[in-house]
Amino acid sequence: MRTVEIEPSLYAADFSRLGEQIETLLRSGARVFHFDVGDGHFVPPVTMGPIVLKSISPPILEQRGAVDCHLMVDNPERHFAEIREAGGSSVTFHYEAVEDPQAVAVLARAQGLGVGLAFNPETSPEDAAAAAEGFDLVLCMSIHPGYSGQDFMPDAVGRIRTLRRLLPPETFIQVDGGVGPENVRELYLSGASLLVAGTSIFGREDLPRAYRRLVQALA
Ligand code: DX5
Ligand code: ZN
């Protein structure tokens with residue numbers, strides 16, 4: 001992983017052209033793709049799962065990229081083996097969905113997966129940081145999880161700053177929800193280096209241009 005990544009969130013893609021849109025973004029330099037799995041229980045919508053992942057992961061992995069799987073599901077551990085087999089690189093599950101994050105992280109590592117801990121806007125960053133020892137990344141949600149296209153919650157900036165203070169420097173901070181050219185730099189300066197972008201990329205006609213706009217806004 002590079003020190004900073006704009007991660008296209010495939011949930012916001014045009015599913016009739018999913019492969020083509022991924023190829024376009026790979027050519028534009030994107031390497032880490034964000035893949036949202038929702039179960040209709042932890043979050044209201046059912047989104048996508050290992051069957052779709054298996055189709056889209058090969059070209060990303062061939063470019064030495066990664067598919068970062070955001071599991072908005074209860075009992076996330078039930079899906080780890082299938083996600084790994086389908087080409088997933090890492091799993092980020094929710095603090096609110098599990099009783100013992102450390103024990104669930106061990107199960108993810110056993111499958112050879114990277115591991116992240118996500119937390120909702122109602123959960124304090126202190127609680128999330130305290131549970132995230134040994135995780136590769138902590139995901140600060142800047143929306144209520146479930147859908148693409150929601151407005152960014154500005155209080156996420158303060159939560160990211162708190163996390164950056166509490167987490168060891170090697171733990172990446174990811175931010176997801178309403179990320180766009182207008183806030184990406186502030187988020188990066190606050191301590192987030194994995195910036196998930198759905199609508200601000202796929203909601204635009206020209207994907208390479210939308211991706212480049214985000215990269216340039218970081219500089
Ligand atoms: C929704 C997902 C996000 C979503 C982000 O809960 O976790 O990854 O696709 O979409 P935007 O960037 O449009 O908020
Ligand atoms: Zn997500």
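Along the sequence shown, residues are numbered consecutively beginning with 1. Just so you know, these numbers come straight off a predicted model, no measurement behind them. Whatever order the structure lists them in is the order used to number ligands and atoms, beginning at 1. In what follows, every heavy atom counts, from backbone to side chain, and hydrogens, waters and symmetry copies are set aside.
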Discussion item. Taking only non-hydrogen atoms of Gly177, do any sit less than 4.0 angstrom from ligand 1?
Written reply: yes
Worksheet item: At what distance, to the nearest 0.5 angstrom, does CG of Leu10 lie from CD1 of Ile60?
Response: 6.0 Å
Discussion item. Would you compute the distance between atom CD of Gln150 and atom NE2 of His144 and round it to the nearest 0.5 angstrom?
Written reply: 8.0 Å
Worksheet item: Just how far is it from atom CG of Leu207 to atom CD of Glu20, taken to the nearest 0.5 Å?
Response: 9.0 Å
Worksheet entry | SB check Asp206 Arg213 (cutoff 4.0 Å) | no
Worksheet, complete the sentence: In this structure, CG of Leu139 is separated from CG of Asp176 (nearest 0.5 Å) by 5.5 Å
Worksheet, complete the sentence: Counting from 1 in the order shown, the ligand 1 atoms closer than 4.0 Å to a non-hydrogen atom of Met72 are 6 (O), 7 (O)
Discussion item. Has Arg164 got a side-chain atom pairing as donor or acceptor with Pro168's backbone, closer than 3.5 angstrom?
Written reply: yes
Practice prompt. Give the residue, atom name and distance (to 0.1 Å) of the protein heavy atom nearest atom 12 (O) of ligand 1.
Written response: Gly198 N, 2.8 Å
Fill in: Distance, nearest 0.5 Å, that separates CZ of Phe93 from NE2 of His70
11.5 Å
Item to complete: Among all protein heavy atoms, pick out the one at the shortest distance from atom 4 (C) of ligand 1; state its residue, atom name and that distance to 0.1 Å.
Response: Ser148 OG, 3.3 Å
Worksheet item: What part of Asp176, side chain, backbone, both or neither, has a heavy atom within less than 4.0 angstrom of ligand 1?
Response: side chain
Item to complete: Can you sort out which atoms of ligand 1 are near Tyr147, meaning under 4.0 Å from one of its heavy atoms?
Response: 1 (C), 6 (O)
Worksheet item: Considering only heavy atoms, does Ser9 approach ligand 1 within less than 4.0 Å through its side chain, its backbone, both, or neither?
Response: side chain
Practice prompt. May I ask you to check if ligand 1 and Gly149 share an N or O to N or O distance below 3.5 Å?
Written response: yes
Fill in: Per-atom contacts of ligand 1 with Gly178, taking only distances under 4.0 Å to non-hydrogen atoms
11 (P), 12 (O), 14 (O)
Discussion item. Out of all atoms in ligand 1, which are within 4.0 Å of some heavy atom of Gly146? Include the element for each.
Written reply: 1 (C), 6 (O)
Practice prompt. Evaluate the criterion side-chain contact (heavy atoms from CB on, under 4.5 Å) for residue pair Asp68 and Phe33; output intermediate values, then yes/no.
Written response: CA-CA 6 Å; Asp68 155 44; Phe33 288 79; over 6 Å; no
Worksheet entry | Residues Gln174, Glu7; criterion side-chain hydrogen bond (donor to acceptor under 3.5 Å, both in side chains); working and verdict | CA-CA 10 Å; Gln174 185 178 51; Glu7 298 188 19; 3.1 Å; yes
Practice prompt. Spell out the protein N/O/S atoms under 2.8 Å from the Zn ion (ligand 2) as residue plus atom name.
Written response: His34 NE2, Asp36 OD1, His70 ND1, Asp176 OD2
Worksheet entry | Flag for Asp36-His34: side-chain donor and acceptor within less than 3.5 Å | yes
Worksheet item: Numbering the atoms of ligand 1 from 1, which are under 4.0 Å from a heavy atom of His34?
Response: 8 (O)
Worksheet item: Do you know the tightest heavy-atom contact between Gly38 and Val43?
Response: CA-CG2, 3.8 Å
Worksheet, complete the sentence: among protein heavy atoms, the one nearest atom 2 (C) of ligand 1 is Asp36 OD1, 3.3 Å
Practice prompt. Among all protein heavy atoms, pick out the one at the shortest distance from atom 13 (O) of ligand 1; state its residue, atom name and that distance to 0.1 Å.
Written response: Thr199 OG1, 2.6 Å
Practice prompt. Kindly say whether the aromatic ring centers of His94 and Phe119 come within a distance under 6.0 Å.
Written response: no
Worksheet item: Going by the order shown, which atoms of ligand 1 are within less than 4.0 Å of some heavy atom of His70?
Response: 7 (O)
Discussion item. Using the rule given for side-chain hydrogen bond (donor to acceptor under 3.5 Å, both in side chains), can you reason through Glu5 versus Ser193, listing the C-alpha separation, both sets of side-chain angles and the distance that settles it, and then say yes or no?
Written reply: CA-CA 6 Å; Glu5 290 284 352; Ser193 60; over 6 Å; no
